[in-house]
Every structure is written in C-alpha cells, then in structure tokens.
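When reading the values below, keep in mind they use all heavy atoms of this one structure, side chains included, and skip hydrogens, waters and symmetry mates.
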Amino acid sequence: MTAREAAVVTESLLYLALTLAIYALVRKAQARFKTPLLNPVLIGIAVLVPLLVVLKVPYQSYMQGGRFINFFLEPAVVALAYPLYQQLDLIRAQWKALLSTCVLGVLVAMVSGLVIAWLLGADRPVLLSMAAKSVTTPIAMGVSERIGGIASLTAVLVLFAGVTGAILGPWLLTLCKVKSPQARGLAMGCAAHAIGTARIVEESAEAAAFSSLALSLCGIITAFVAPLVVPLLTEWML
C-alpha cells in the first residue's frame, strides 16, 4: 500500500468513526431527554454537512467511509420483514382494509404534495419531483425520473418527509388520540417510509410490522400510480 492509499483509508475510517460517534451520542441523548427533536438522522445531517463544507471535503471522499454504513442498509431493510412475519396472521385477516388504506395514503401524499408546491408557485419539474416524496428513496428517485422530475430533488424531499414524520408523527398521532399500534404503524409507514418505521419500532413490534408493510405497499403502489396520475394533475394545475 502506497502512502497515498494509506492516507485515503485513514481518512475514510475517520469519517466513518465520526458518523458513528455522532449517531451514538445522539441516541444516548435521546434516551436520556426523551425528545423527538434528537433524531439521529436530523442531527447527523445538521452536524456533518456544515463540517464537510467548512473543511471542503468532497462527498466522494466522505463516502469512502460511508459506503461501509451504506452496505448494511439493505440487510437492515430486510430485517424489517421479521416483525412483519410475526404479525402475518393478523395481516392476512385485514388485507383488504390494509390495501385500501395504503392506496388512499399514496393518493393523499401525492395530491397534497403537488397542491402545496403549486400554491407556492413551483414550476413543472419541481411539481413532478414532489410526487414520490413519501416513499423510500430508491423507488422515489426511479418514479421521479420516469415522470420527468428531478431525482436528486426528490431524494432530498424524501429525506425531509422521513425526518419530519419521525419527529412529528408520533406526537400528532397521540394528539389525535390514535392509540392502535396497527393504525400508528400504517400512518408512519405511509407518510414517513423507512425513517418513520425506524422511529415507530421503538413503540412496539406490532406497530413496526404494520409500518414495514405500509412502506412496502406504498412504494409499489406509487410506482404504478404516479406515472398515470401525476402528469394529469400537473397538466390541470399548469
């Protein structure tokens, strides 16, 4: 290994250690202070992005270490299937209600996002980018590209929706007196996808199962519905 290669590896491990340290500290603070504002994703972005900008660290350099975290994302998502399996009998008994709820959730998410962007004066590419903001990133970016949106903007909107949902979702559901773990899970999965699911896992395995189901179904439904519905809505708006 050359000196340059060794320096790259050292730098990569430093960024990895910094990311993990921030996550661990925020989780510890979250357990102590019990506030939704101490969200690891939100705080991680708030700390790391300005730091990398100030130090002029390119994103590619940061991701040399970040790829190790990225590697575990897919197994982590697959692991969400376990609580789903535990609630399989209950899901089978209510599949019609669950499917209709997810379809309605997808339509509400798309239409509300488009209307808000339209009222704020957004142009067509931004409107199209808003359509898939409430589903997991890979599906959202694919849908955005297919309907003519800006995939990178959609990715940012997905992250914003997930973090906002994880912070405010449980509080709003409690405020609305939604106590059913199934309903809470479905709402979080529909509105805040994987980040919301990671948050609702803290409440119960049942809520986590229904949130996992919702994020999966909503992703599939969006992939089919958005290319048909969104262009028609944007044509009407513009």
Side-chain angles (χ1 to χ4, degrees), residues 26-27 29-43 76-77 79-117 119 130-137 139-140 157-226 229:
V26 174
R27 289 289 293 174
Q30 190 180 50
R32 179 178 178 182
F33 296 105
K34 305 293 184 182
T35 171
L37 293 176
L38 288 172
N39 182 279
V41 177
L42 176 63
I43 302 300
V77 172
L80 292 174
Y82 180 69
L84 193 62
Y85 172 76
Q86 290 180 309
Q87 306 294 328
L88 196 56
D89 291 339
L90 191 57
I91 291 169
R92 283 173 176 168
Q94 302 183 32
W95 71 269
K96 291 182 180 179
L98 296 174
L99 182 59
S100 59
T101 299
C102 289
V103 170
L104 182 61
V106 166
L107 293 175
V108 169
M110 284 194 297
V111 173
S112 62
L114 289 171
V115 170
I116 291 171
L119 291 174
M130 285 286 292
K133 64 174 173 49
S134 293
V135 298
T136 190
T137 306
I139 296 176
L157 293 170
V158 169
L159 181 61
F160 180 79
V163 172
T164 305
I167 293 173
L168 299 179
W171 174 75
L172 285 173
L173 290 169
T174 301
L175 184 65
C176 295
K177 298 182 179 180
V178 179
K179 298 179 180 179
S180 167
Q182 300 171 22
R184 292 175 72 88
L186 281 173
M188 292 295 286
C190 284
H193 49 83
I195 299 177
T197 301
R199 169 63 182 85
I200 208 69
V201 164
E202 300 173 8
E203 292 193 5
S204 70
E206 187 176 352
F210 280 83
S211 186
S212 300
L213 177 65
L215 80 88
S216 302
L217 286 177
C218 288
I220 295 170
I221 294 166
T222 299
F224 282 100
V225 172
V229 174

Legend entry - Taking every non-hydrogen atom, the tightest pair across Q30 and N39: NE2-CA, 4.2 Å
Legend entry - Side-chain H-bond candidate by donor/acceptor type, R184 with S211, under 3.5 Å: no
Legend entry - Non-neighbouring partners of T101 that pass side-chain contact (heavy atoms from CB on, under 4.5 Å), sequence neighbours left out: L186
Inset, instruction - Salt-bridge test for R27 and E202: reply yes if a basic N is under 4.0 Å from a carboxylate O, no otherwise. - result: yes
Inset, instruction - List the atom of V201, the atom of A208, and the distance in Å for their closest heavy-atom pair. - result: CG2-CB, 3.6 Å
Legend entry - Sequence-distant partners of A207, side-chain contact (heavy atoms from CB on, under 4.5 Å), two or more places apart: P181, I200, S204
Inset, instruction - Among L90, I91, V103, find the residue that satisfies the side-chain contact (heavy atoms from CB on, under 4.5 Å) test when tested with L98. - result: I91
Inset, instruction - For residues A161 and A192, report the shortest heavy-atom separation together with the two atoms involved. - result: O-CB, 4.1 Å
Inset, instruction - Could you please spell out the steps behind the side chain to side chain contact (heavy atoms under 4.5 Å, CB included) verdict for K179 and T174? - result: CA-CA 7 Å; K179 298 179 180 179; T174 301; over 6 Å; no
Inset, instruction - Could you pull out the closest heavy-atom pair between A214 and C190, with the gap in Å? - result: CB-N, 3.8 Å
Legend entry - T222 side-chain N/O to G219 backbone N/O, donor-acceptor pair under 3.5 Å: no
Inset, instruction - Provide the closest heavy-atom pair for A205 versus Q86 in the form atom of the first, atom of the second, distance. - result: CB-OE1, 4.3 Å
Inset, instruction - Determine whether M188 and L173 make a side-chain contact, defined as any pair of heavy atoms from C-beta on separated by less than 4.5 Å. - result: yes
Inset, instruction - Give, for atom CG of L99 and atom CG of L104, the distance between the pair rounded to the nearest 0.5 Å. - result: 11.5 Å
Inset, instruction - Show your working on side chain to side chain contact (heavy atoms under 4.5 Å, CB included) between T137 and L159 and close with a plain yes or no. - result: CA-CA 8 Å; T137 306; L159 181 61; over 6 Å; no
Legend entry - Non-hydrogen side-chain atoms of L42 and V26 separated by less than 4.5 Å: no
Inset, instruction - Taking the side chain as every heavy atom from C-beta outward, state whether M110 and V225 have any pair of such atoms under 4.5 Å apart. - result: yes
Legend entry - For A209, all residues meeting side-chain contact (heavy atoms from CB on, under 4.5 Å), sequence neighbours excluded: P83, Q87
Legend entry - Atom pair CG (L213) and SG (C102), whose distance is rounded to the nearest 0.5 Å: 6.0 Å
Inset, instruction - Decide yes or no on side chain to side chain contact (heavy atoms under 4.5 Å, CB included) for V158 and T136, but give the supporting numbers first. - result: CA-CA 7 Å; V158 169; T136 190; over 6 Å; no
Inset, instruction - Considering non-hydrogen atoms only, spot the tightest contact between I195 and A166 and give its length. - result: CG2-CB, 3.9 Å
Inset, instruction - Start with the C-alpha distance between I139 and H193, add both sets of side-chain angles, then the distance that settles side chain to side chain contact (heavy atoms under 4.5 Å, CB included), and finish with yes or no. - result: CA-CA 11 Å; I139 296 176; H193 49 83; over 6 Å; no
Legend entry - L157 and M130, any side-chain heavy atoms less than 4.5 Å apart: yes
